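Working notes, structure below.
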Amino acid sequence: MPGREWSDYEGILIVVEQRGGVAKKVSWQLLGEGRRLADKLHTHLSALVIGSNVSALAKEAIYRGADKVYLCDSKELENYRTRPYSKVCLSVIREYKPEIVLMGATYTGRDLAGAIATHLPTGLTADCTQLDVDENRLLLASRPAFSEKMLATILCKQYKPQMATARSGVFLALPLDPTRTGEIISVSPQMPEEEIVTQVLDFLEQTERVSLEDQEIIVAGGRGLGGPEGFALLQELADALGGVVGASRAAVDAGWISHDHQVGQTGSTVRPKLYFAIGISGAVQHVVGMQNADMIVAINRDANAPIFKVAHLGIVGDLFTLVPALTEAIKAQKGNSTSVPIAL
Ligand SMILES: Cc1cc2nc3c(=O)[nH]c(=O)nc-3n(C[C@H](O)[C@H](O)[C@H](O)COP(=O)(O)OP(=O)(O)OC[C@H]3O[C@@H](n4cnc5c(N)ncnc54)[C@H](O)[C@@H]3O)c2cc1C
(Lines give C-alpha, C1' and ligand atoms only; values in the text may rest on other atoms or scores of the structure.)
Protein backbone atom coordinates (compact mmCIF):
# COMPACT_ATOMS: atom_id res chain seq x y z
CA MET A 1 0.00 0.00 0.00
CA PRO A 2 1.74 3.17 -1.16
CA GLY A 3 2.25 5.81 1.46
CA ARG A 4 1.79 3.37 4.31
CA GLU A 5 3.92 4.12 7.38
CA TRP A 6 6.38 1.36 8.06
CA SER A 7 8.67 3.14 10.51
CA ASP A 8 7.44 1.04 13.45
CA TYR A 9 8.91 -2.03 11.77
CA GLU A 10 12.52 -2.62 12.72
CA GLY A 11 15.09 -5.37 13.13
CA ILE A 12 15.77 -8.63 11.38
CA LEU A 13 14.20 -11.88 12.54
CA ILE A 14 15.59 -15.32 11.76
CA VAL A 15 13.26 -18.27 12.32
CA VAL A 16 15.45 -21.09 13.63
CA GLU A 17 14.53 -24.56 12.37
CA GLN A 18 15.27 -27.52 14.61
CA ARG A 19 14.49 -31.18 14.93
CA GLY A 20 14.92 -32.97 18.24
CA GLY A 21 16.69 -29.96 19.70
CA VAL A 22 19.31 -29.80 16.94
CA ALA A 23 19.21 -26.72 14.73
CA LYS A 24 19.53 -26.91 10.97
CA LYS A 25 22.84 -25.55 9.76
CA VAL A 26 21.04 -23.11 7.48
CA SER A 27 19.52 -21.40 10.53
CA TRP A 28 22.95 -20.59 11.98
CA GLN A 29 24.17 -19.56 8.53
CA LEU A 30 21.21 -17.17 8.27
CA LEU A 31 22.00 -15.76 11.70
CA GLY A 32 25.52 -15.03 10.40
CA GLU A 33 24.13 -13.31 7.31
CA GLY A 34 21.41 -11.62 9.38
CA ARG A 35 24.13 -10.16 11.64
CA ARG A 36 25.84 -8.65 8.60
CA LEU A 37 22.59 -7.17 7.28
CA ALA A 38 21.51 -5.91 10.73
CA ASP A 39 24.86 -4.15 11.23
CA LYS A 40 24.54 -2.60 7.77
CA LEU A 41 21.05 -1.32 8.68
CA HIS A 42 22.16 -0.29 12.21
CA THR A 43 19.40 -2.40 13.67
CA HIS A 44 19.04 -5.44 15.92
CA LEU A 45 19.00 -9.13 15.04
CA SER A 46 16.55 -11.50 16.66
CA ALA A 47 15.85 -15.21 16.43
CA LEU A 48 12.66 -17.18 16.94
CA VAL A 49 13.13 -20.64 18.42
CA ILE A 50 10.08 -22.92 18.41
CA GLY A 51 9.95 -26.46 19.76
CA SER A 52 9.91 -28.59 22.88
CA ASN A 53 12.87 -28.47 25.31
CA VAL A 54 14.75 -26.07 23.07
CA SER A 55 15.96 -23.44 25.53
CA ALA A 56 19.58 -24.47 24.79
CA LEU A 57 19.02 -23.36 21.21
CA ALA A 58 17.87 -19.94 22.38
CA LYS A 59 21.23 -19.49 24.11
CA GLU A 60 23.08 -20.82 21.10
CA ALA A 61 21.27 -18.31 18.88
CA ILE A 62 22.70 -15.52 21.03
CA TYR A 63 26.18 -17.07 20.88
CA ARG A 64 25.78 -17.13 17.10
CA GLY A 65 24.86 -13.50 16.62
CA ALA A 66 21.32 -12.76 17.87
CA ASP A 67 20.66 -9.78 20.15
CA LYS A 68 17.25 -11.11 21.19
CA VAL A 69 15.57 -14.49 21.06
CA TYR A 70 11.85 -15.21 21.18
CA LEU A 71 11.48 -18.66 22.67
CA CYS A 72 8.30 -20.67 22.32
CA ASP A 73 8.87 -23.92 24.18
CA SER A 74 5.97 -26.32 24.54
CA LYS A 75 5.18 -30.03 24.23
CA GLU A 76 2.72 -29.57 21.34
CA LEU A 77 5.43 -27.84 19.33
CA GLU A 78 7.78 -30.83 19.48
CA ASN A 79 7.24 -31.71 15.82
CA TYR A 80 6.84 -29.24 13.00
CA ARG A 81 3.21 -28.69 12.06
CA THR A 82 2.13 -25.84 9.82
CA ARG A 83 -0.73 -24.31 11.81
CA PRO A 84 0.68 -24.11 15.34
CA TYR A 85 4.13 -23.05 14.07
CA SER A 86 2.72 -20.38 11.76
CA LYS A 87 0.47 -19.10 14.53
CA VAL A 88 3.48 -18.60 16.82
CA CYS A 89 5.41 -16.86 14.02
CA LEU A 90 2.46 -14.63 13.13
CA SER A 91 1.95 -13.50 16.71
CA VAL A 92 5.69 -12.72 17.16
CA ILE A 93 5.83 -10.84 13.85
CA ARG A 94 2.64 -8.87 14.61
CA GLU A 95 3.80 -7.95 18.09
CA TYR A 96 7.50 -7.21 17.50
CA LYS A 97 7.25 -6.02 13.86
CA PRO A 98 10.58 -7.02 12.28
CA GLU A 99 11.30 -5.31 8.96
CA ILE A 100 12.90 -8.47 7.54
CA VAL A 101 12.11 -12.14 8.28
CA LEU A 102 14.39 -14.92 7.01
CA MET A 103 14.32 -18.69 7.25
CA GLY A 104 15.92 -21.71 5.59
CA ALA A 105 14.64 -22.89 2.21
CA THR A 106 14.16 -26.38 3.61
CA TYR A 107 10.95 -28.34 3.04
CA THR A 108 9.49 -27.10 6.32
CA GLY A 109 10.98 -23.60 6.00
CA ARG A 110 9.34 -23.11 2.63
CA ASP A 111 6.03 -24.43 3.94
CA LEU A 112 6.11 -22.20 7.02
CA ALA A 113 7.23 -19.07 5.13
CA GLY A 114 4.41 -19.45 2.60
CA ALA A 115 1.83 -19.92 5.34
CA ILE A 116 3.02 -16.80 7.19
CA ALA A 117 3.41 -14.53 4.15
CA THR A 118 -0.12 -15.20 2.91
CA HIS A 119 -1.60 -14.40 6.32
CA LEU A 120 0.21 -11.12 6.93
CA PRO A 121 -0.02 -10.56 3.89
CA THR A 122 3.41 -9.67 2.54
CA GLY A 123 5.93 -10.57 -0.16
CA LEU A 124 8.12 -13.65 0.03
CA THR A 125 11.10 -14.63 -2.13
CA ALA A 126 11.88 -18.33 -1.90
CA ASP A 127 15.20 -20.14 -2.19
CA CYS A 128 17.54 -17.13 -2.26
CA THR A 129 21.25 -17.52 -2.91
CA GLN A 130 22.21 -13.88 -2.21
CA LEU A 131 20.86 -11.33 0.24
CA ASP A 132 21.62 -7.66 0.70
CA VAL A 133 19.96 -4.39 1.70
CA ASP A 134 19.93 -1.05 -0.09
CA GLU A 135 19.96 2.57 1.13
CA ASN A 136 16.14 2.54 1.38
CA ARG A 137 16.30 -0.43 3.78
CA LEU A 138 14.89 -2.68 1.07
CA LEU A 139 15.87 -6.33 1.10
CA LEU A 140 17.54 -7.36 -2.16
CA ALA A 141 16.58 -11.01 -2.35
CA SER A 142 18.33 -12.77 -5.24
CA ARG A 143 17.50 -16.22 -6.49
CA PRO A 144 18.07 -18.25 -9.63
CA ALA A 145 15.03 -17.94 -11.94
CA PHE A 146 13.77 -19.10 -15.32
CA SER A 147 15.05 -22.68 -14.97
CA GLU A 148 18.14 -21.30 -13.21
CA LYS A 149 19.24 -19.42 -16.33
CA MET A 150 19.28 -16.02 -14.66
CA LEU A 151 19.63 -14.53 -11.21
CA ALA A 152 16.62 -12.39 -10.30
CA THR A 153 16.80 -9.78 -7.55
CA ILE A 154 13.35 -9.35 -6.05
CA LEU A 155 12.21 -6.42 -3.89
CA CYS A 156 9.15 -6.06 -1.68
CA LYS A 157 8.57 -2.31 -1.61
CA GLN A 158 5.05 -1.92 -0.28
CA TYR A 159 4.70 -4.49 2.47
CA LYS A 160 6.41 -5.40 5.71
CA PRO A 161 8.06 -7.54 6.85
CA GLN A 162 10.09 -8.34 3.77
CA MET A 163 10.38 -12.12 3.76
CA ALA A 164 12.77 -14.59 2.17
CA THR A 165 13.87 -18.18 2.48
CA ALA A 166 17.50 -18.98 1.65
CA ARG A 167 19.47 -22.01 0.57
CA SER A 168 21.67 -23.96 2.91
CA GLY A 169 25.43 -23.74 2.40
CA VAL A 170 25.46 -20.28 0.83
CA PHE A 171 26.07 -18.11 3.88
CA LEU A 172 28.63 -18.40 6.65
CA ALA A 173 27.62 -19.15 10.25
CA LEU A 174 29.47 -17.12 12.87
CA PRO A 175 31.70 -19.10 15.20
CA LEU A 176 30.08 -19.90 18.55
CA ASP A 177 30.92 -17.06 20.96
CA PRO A 178 29.80 -17.90 24.53
CA THR A 179 30.78 -14.42 25.71
CA ARG A 180 27.95 -12.83 23.69
CA THR A 181 24.92 -11.80 25.71
CA GLY A 182 21.33 -11.12 24.72
CA GLU A 183 17.75 -11.14 25.88
CA ILE A 184 15.52 -14.23 25.80
CA ILE A 185 11.81 -13.43 25.65
CA SER A 186 9.38 -16.28 26.35
CA VAL A 187 6.42 -16.51 24.04
CA SER A 188 3.35 -18.58 24.97
CA PRO A 189 2.14 -21.29 22.63
CA GLN A 190 -0.89 -20.10 20.70
CA MET A 191 -2.84 -23.31 20.15
CA PRO A 192 -3.90 -26.06 22.53
CA GLU A 193 -3.45 -29.60 21.17
CA GLU A 194 -7.26 -30.06 20.77
CA GLU A 195 -7.32 -27.30 18.17
CA ILE A 196 -4.52 -28.74 16.05
CA VAL A 197 -5.92 -30.80 13.22
CA THR A 198 -2.67 -32.56 12.23
CA GLN A 199 -1.07 -35.29 14.26
CA VAL A 200 2.41 -36.70 13.78
CA LEU A 201 2.10 -40.46 14.23
CA ASP A 202 5.69 -41.38 13.50
CA PHE A 203 8.84 -39.94 12.06
CA LEU A 204 10.78 -41.96 9.52
CA GLU A 205 14.33 -40.83 8.80
CA GLN A 206 15.10 -40.97 5.10
CA THR A 207 18.30 -42.93 5.51
CA GLU A 208 18.91 -43.53 1.80
CA ARG A 209 19.12 -39.85 0.95
CA VAL A 210 22.49 -38.16 1.26
CA SER A 211 22.47 -34.71 2.75
CA LEU A 212 25.43 -33.09 1.02
CA GLU A 213 24.91 -29.71 2.68
CA ASP A 214 26.17 -30.91 6.04
CA GLN A 215 29.28 -32.75 4.80
CA GLU A 216 32.85 -31.69 5.47
CA ILE A 217 34.44 -33.81 2.73
CA ILE A 218 32.83 -34.37 -0.67
CA VAL A 219 34.37 -36.44 -3.46
CA ALA A 220 32.44 -35.46 -6.58
CA GLY A 221 32.59 -37.01 -10.01
CA GLY A 222 31.31 -36.12 -13.45
CA ARG A 223 30.97 -37.37 -16.97
CA GLY A 224 34.69 -38.17 -17.00
CA LEU A 225 33.97 -41.22 -14.83
CA GLY A 226 32.50 -42.86 -17.90
CA GLY A 227 29.80 -44.84 -16.11
CA PRO A 228 28.40 -45.93 -12.73
CA GLU A 229 31.43 -48.15 -12.09
CA GLY A 230 33.55 -44.98 -12.01
CA PHE A 231 31.58 -43.92 -8.93
CA ALA A 232 32.72 -47.09 -7.15
CA LEU A 233 36.27 -45.69 -7.38
CA LEU A 234 35.09 -42.41 -5.90
CA GLN A 235 33.22 -44.21 -3.13
CA GLU A 236 36.46 -45.91 -2.10
CA LEU A 237 38.26 -42.59 -1.98
CA ALA A 238 35.37 -41.02 -0.06
CA ASP A 239 35.37 -43.91 2.43
CA ALA A 240 39.11 -43.57 2.95
CA LEU A 241 38.66 -39.87 3.68
CA GLY A 242 35.46 -40.20 5.71
CA GLY A 243 33.50 -38.19 3.15
CA VAL A 244 30.56 -38.69 0.80
CA VAL A 245 30.20 -38.84 -2.96
CA GLY A 246 28.85 -35.91 -4.97
CA ALA A 247 28.18 -35.60 -8.70
CA SER A 248 27.76 -33.24 -11.61
CA ARG A 249 24.44 -33.04 -13.40
CA ALA A 250 25.89 -34.82 -16.43
CA ALA A 251 26.54 -37.89 -14.26
CA VAL A 252 23.09 -37.68 -12.69
CA ASP A 253 21.37 -37.19 -16.06
CA ALA A 254 23.24 -40.22 -17.38
CA GLY A 255 21.66 -42.24 -14.57
CA TRP A 256 24.99 -43.15 -12.94
CA ILE A 257 23.99 -41.79 -9.52
CA SER A 258 20.83 -40.38 -7.89
CA HIS A 259 19.90 -36.70 -7.91
CA ASP A 260 20.45 -36.23 -4.17
CA HIS A 261 24.19 -36.42 -4.92
CA GLN A 262 24.06 -33.58 -7.43
CA VAL A 263 26.00 -30.41 -6.69
CA GLY A 264 25.21 -27.16 -8.46
CA GLN A 265 22.50 -24.75 -9.37
CA THR A 266 19.80 -27.41 -9.64
CA GLY A 267 21.37 -29.62 -7.00
CA SER A 268 22.84 -28.89 -3.57
CA THR A 269 24.93 -25.87 -2.68
CA VAL A 270 27.78 -27.14 -0.54
CA ARG A 271 30.50 -25.59 1.59
CA PRO A 272 32.69 -28.49 2.74
CA LYS A 273 36.23 -28.20 4.04
CA LEU A 274 37.46 -30.36 1.17
CA TYR A 275 35.89 -30.84 -2.28
CA PHE A 276 37.27 -33.15 -4.94
CA ALA A 277 36.08 -32.42 -8.51
CA ILE A 278 37.02 -35.51 -10.48
CA GLY A 279 36.27 -35.71 -14.20
CA ILE A 280 34.16 -32.57 -13.89
CA SER A 281 34.75 -29.80 -16.45
CA GLY A 282 33.66 -26.97 -14.15
CA ALA A 283 30.59 -25.57 -15.93
CA VAL A 284 29.28 -22.45 -14.23
CA GLN A 285 26.12 -24.28 -13.13
CA HIS A 286 28.30 -26.75 -11.24
CA VAL A 287 30.75 -24.21 -9.87
CA VAL A 288 28.05 -22.04 -8.23
CA GLY A 289 27.23 -25.00 -6.01
CA MET A 290 30.75 -25.68 -4.73
CA GLN A 291 32.95 -22.63 -5.18
CA ASN A 292 32.76 -21.75 -1.47
CA ALA A 293 34.48 -24.97 -0.39
CA ASP A 294 37.56 -24.23 1.74
CA MET A 295 39.81 -26.43 -0.40
CA ILE A 296 39.01 -27.56 -3.94
CA VAL A 297 41.09 -30.31 -5.53
CA ALA A 298 40.48 -30.94 -9.25
CA ILE A 299 41.52 -34.00 -11.21
CA ASN A 300 41.04 -33.68 -14.95
CA ARG A 301 42.95 -34.81 -18.00
CA ASP A 302 42.24 -31.54 -19.81
CA ALA A 303 44.60 -28.83 -18.54
CA ASN A 304 42.25 -26.19 -19.96
CA ALA A 305 39.18 -27.40 -18.09
CA PRO A 306 37.53 -24.39 -16.36
CA ILE A 307 37.46 -26.29 -13.05
CA PHE A 308 41.16 -25.42 -12.65
CA LYS A 309 40.15 -21.74 -12.38
CA VAL A 310 38.42 -22.38 -9.07
CA ALA A 311 40.61 -25.24 -7.81
CA HIS A 312 43.18 -24.57 -5.09
CA LEU A 313 45.02 -27.70 -6.13
CA GLY A 314 44.89 -29.23 -9.59
CA ILE A 315 46.16 -32.50 -11.02
CA VAL A 316 46.17 -32.92 -14.80
CA GLY A 317 45.95 -36.61 -15.56
CA ASP A 318 43.81 -39.68 -16.00
CA LEU A 319 41.44 -40.20 -13.10
CA PHE A 320 41.43 -43.98 -13.53
CA THR A 321 45.13 -43.99 -12.61
CA LEU A 322 45.13 -41.13 -10.12
CA VAL A 323 42.08 -41.94 -7.98
CA PRO A 324 43.08 -45.53 -7.02
CA ALA A 325 46.64 -44.34 -6.34
CA LEU A 326 45.33 -41.53 -4.14
CA THR A 327 43.00 -43.90 -2.28
CA GLU A 328 45.88 -46.31 -1.63
CA ALA A 329 48.15 -43.50 -0.44
CA ILE A 330 45.48 -42.23 1.97
CA LYS A 331 44.76 -45.72 3.29
CA ALA A 332 48.51 -46.29 3.79
CA GLN A 333 48.87 -42.98 5.62
CA LYS A 334 45.84 -43.78 7.73
CA GLY A 335 47.34 -47.08 8.88
CA ASN A 336 45.52 -48.28 11.94
CA SER A 337 44.18 -44.92 13.01
CA THR A 338 40.53 -44.16 12.31
CA SER A 339 40.92 -40.64 11.00
CA VAL A 340 43.11 -39.20 8.33
CA PRO A 341 45.25 -36.25 9.33
CA ILE A 342 44.38 -33.76 6.64
CA ALA A 343 45.90 -30.32 6.99
CA LEU A 344 43.19 -27.90 5.87
C1 LIG B 1 19.57 -24.80 -16.32
C2 LIG B 1 20.77 -25.66 -16.07
C3 LIG B 1 21.04 -26.11 -14.78
C4 LIG B 1 22.16 -26.92 -14.53
N5 LIG B 1 22.41 -27.34 -13.25
C6 LIG B 1 23.54 -28.06 -13.03
C7 LIG B 1 23.89 -28.50 -11.69
O8 LIG B 1 23.16 -28.28 -10.72
N9 LIG B 1 25.03 -29.20 -11.52
C10 LIG B 1 25.89 -29.50 -12.56
O11 LIG B 1 26.93 -30.14 -12.32
N12 LIG B 1 25.57 -29.12 -13.81
C13 LIG B 1 24.42 -28.43 -14.07
N14 LIG B 1 24.11 -28.09 -15.34
C15 LIG B 1 24.90 -28.71 -16.44
C16 LIG B 1 26.21 -28.02 -16.69
O17 LIG B 1 26.01 -26.96 -17.58
C18 LIG B 1 27.21 -29.03 -17.30
O19 LIG B 1 26.64 -29.60 -18.46
C20 LIG B 1 27.62 -30.14 -16.36
O21 LIG B 1 28.02 -29.62 -15.11
C22 LIG B 1 28.79 -30.91 -16.99
O23 LIG B 1 29.10 -31.99 -16.18
P24 LIG B 1 30.56 -32.66 -16.22
O25 LIG B 1 31.54 -31.63 -15.84
O26 LIG B 1 30.49 -33.89 -15.40
O27 LIG B 1 30.69 -33.12 -17.72
P28 LIG B 1 31.61 -32.58 -18.88
O29 LIG B 1 31.40 -31.12 -19.08
O30 LIG B 1 31.38 -33.49 -20.05
O31 LIG B 1 33.08 -32.77 -18.33
C32 LIG B 1 33.72 -34.01 -18.15
C33 LIG B 1 35.15 -33.73 -17.79
O34 LIG B 1 35.81 -34.93 -17.49
C35 LIG B 1 37.14 -34.86 -18.01
N36 LIG B 1 37.59 -36.25 -18.22
C37 LIG B 1 37.11 -37.15 -19.13
N38 LIG B 1 37.74 -38.33 -18.98
C39 LIG B 1 38.67 -38.17 -17.99
C40 LIG B 1 39.63 -39.02 -17.40
N41 LIG B 1 39.76 -40.29 -17.77
N42 LIG B 1 40.40 -38.52 -16.41
C43 LIG B 1 40.29 -37.24 -16.02
N44 LIG B 1 39.39 -36.39 -16.55
C45 LIG B 1 38.58 -36.85 -17.52
C46 LIG B 1 37.02 -34.06 -19.28
O47 LIG B 1 38.27 -33.46 -19.59
C48 LIG B 1 35.95 -33.04 -18.90
O49 LIG B 1 36.53 -31.85 -18.39
C50 LIG B 1 23.01 -27.28 -15.60
C51 LIG B 1 22.73 -26.82 -16.90
C52 LIG B 1 21.64 -26.02 -17.13
C53 LIG B 1 21.38 -25.53 -18.52
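Numbering of ligands and ligand atoms starts at 1, following listing order. Model, not experiment: these values are computed from the prediction.
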For Thr43 and Arg35 the tightest heavy-atom approach is O-NH2, 4.0 Å

Per atom 29 (O) of ligand 1, closest listed option by heavy atom (Ser281, Ala277, Ala303, Gly279)
Ser281

Under 4.0 Å between a side-chain nitrogen and a carboxylate oxygen: does that hold for Asp294 and Arg271?
no

If the test is side chain to side chain contact (heavy atoms under 4.5 Å, CB included), which one of Asp73, Val54, Val15, Ile184 qualifies with Val49?
Val54

Ignoring hydrogens, what is the shortest heavy-atom contact between Ser27 and Ile14? Give both atom names and the distance.
O-CG2, 4.0 Å

Counting each atom of ligand 1 from 1 as listed, which ones have a heavy atom of Gln265 under 4.0 Å away?
7 (C), 8 (O)

Considering the heavy atoms of Phe320, write down every atom of ligand 1 situated less than 4.0 Å from one of them.
41 (N)

Run the numbers for me: atoms of ligand 1, each under 4.0 Å from some heavy atom of Gly222, listed by number.
26 (O)

Answer yes or no for Gly267: is there a heavy-atom contact with ligand 1 below 4.0 Å?
yes

If every non-hydrogen atom of Ala240 is compared with every non-hydrogen atom of Lys331, which pair is closest and at what distance?
CB-CG, 4.2 Å

Search all heavy atoms of Arg81 against all heavy atoms of Thr198 and return the closest pair with its distance.
NH1-O, 2.6 Å

Is it true that Arg137 and Glu99 make a salt bridge, defined as a side-chain N closer than 4.0 Å to a carboxylate O?
yes

Which segment of Val263 sits under 4.0 Å of ligand 1 when only heavy atoms are counted:
backbone

Ala247 heavy atom under 4.0 Å from ligand 1
no

Could you list which atoms of ligand 1 come closer than 4.0 Å to a heavy atom of Asp318?
40 (C), 41 (N), 42 (N)

If you count the atoms of ligand 1 from 1 in the order shown, which ones are under 4.0 Å from a heavy atom of Gln262?
6 (C), 7 (C), 8 (O), 9 (N)

Nearest heavy atom to atom 46 (C) of ligand 1, choosing from Asn304, Asp302, Asn300, belongs to Asn300

Below 4.0 angstrom from a heavy atom of Ser248, which ligand 1 atoms are there? Numbered from 1 as shown, please.
11 (O), 23 (O), 24 (P), 26 (O)

Near Gly317 (heavy-atom distance under 4.0 Å), the atoms of ligand 1 are 42 (N), 43 (C)

Determine, for Asp134 against Lys40, whether the closest basic-nitrogen to carboxylate-oxygen distance falls under 4.0 angstrom.
no

With heavy atoms of Thr266 as the reference, note each atom of ligand 1 found under 4.0 Å away.
3 (C), 4 (C), 5 (N), 6 (C), 7 (C), 8 (O)

So is Ala283 polar-close to ligand 1, meaning N/O to N/O under 3.5 Å?
no

I'd like to know if Arg36 pairs up with Asp132 as an ion pair, taking the criterion as any Lys NZ or Arg NE/NH1/NH2 lying under 4.0 Å from an Asp or Glu carboxylate oxygen.
yes

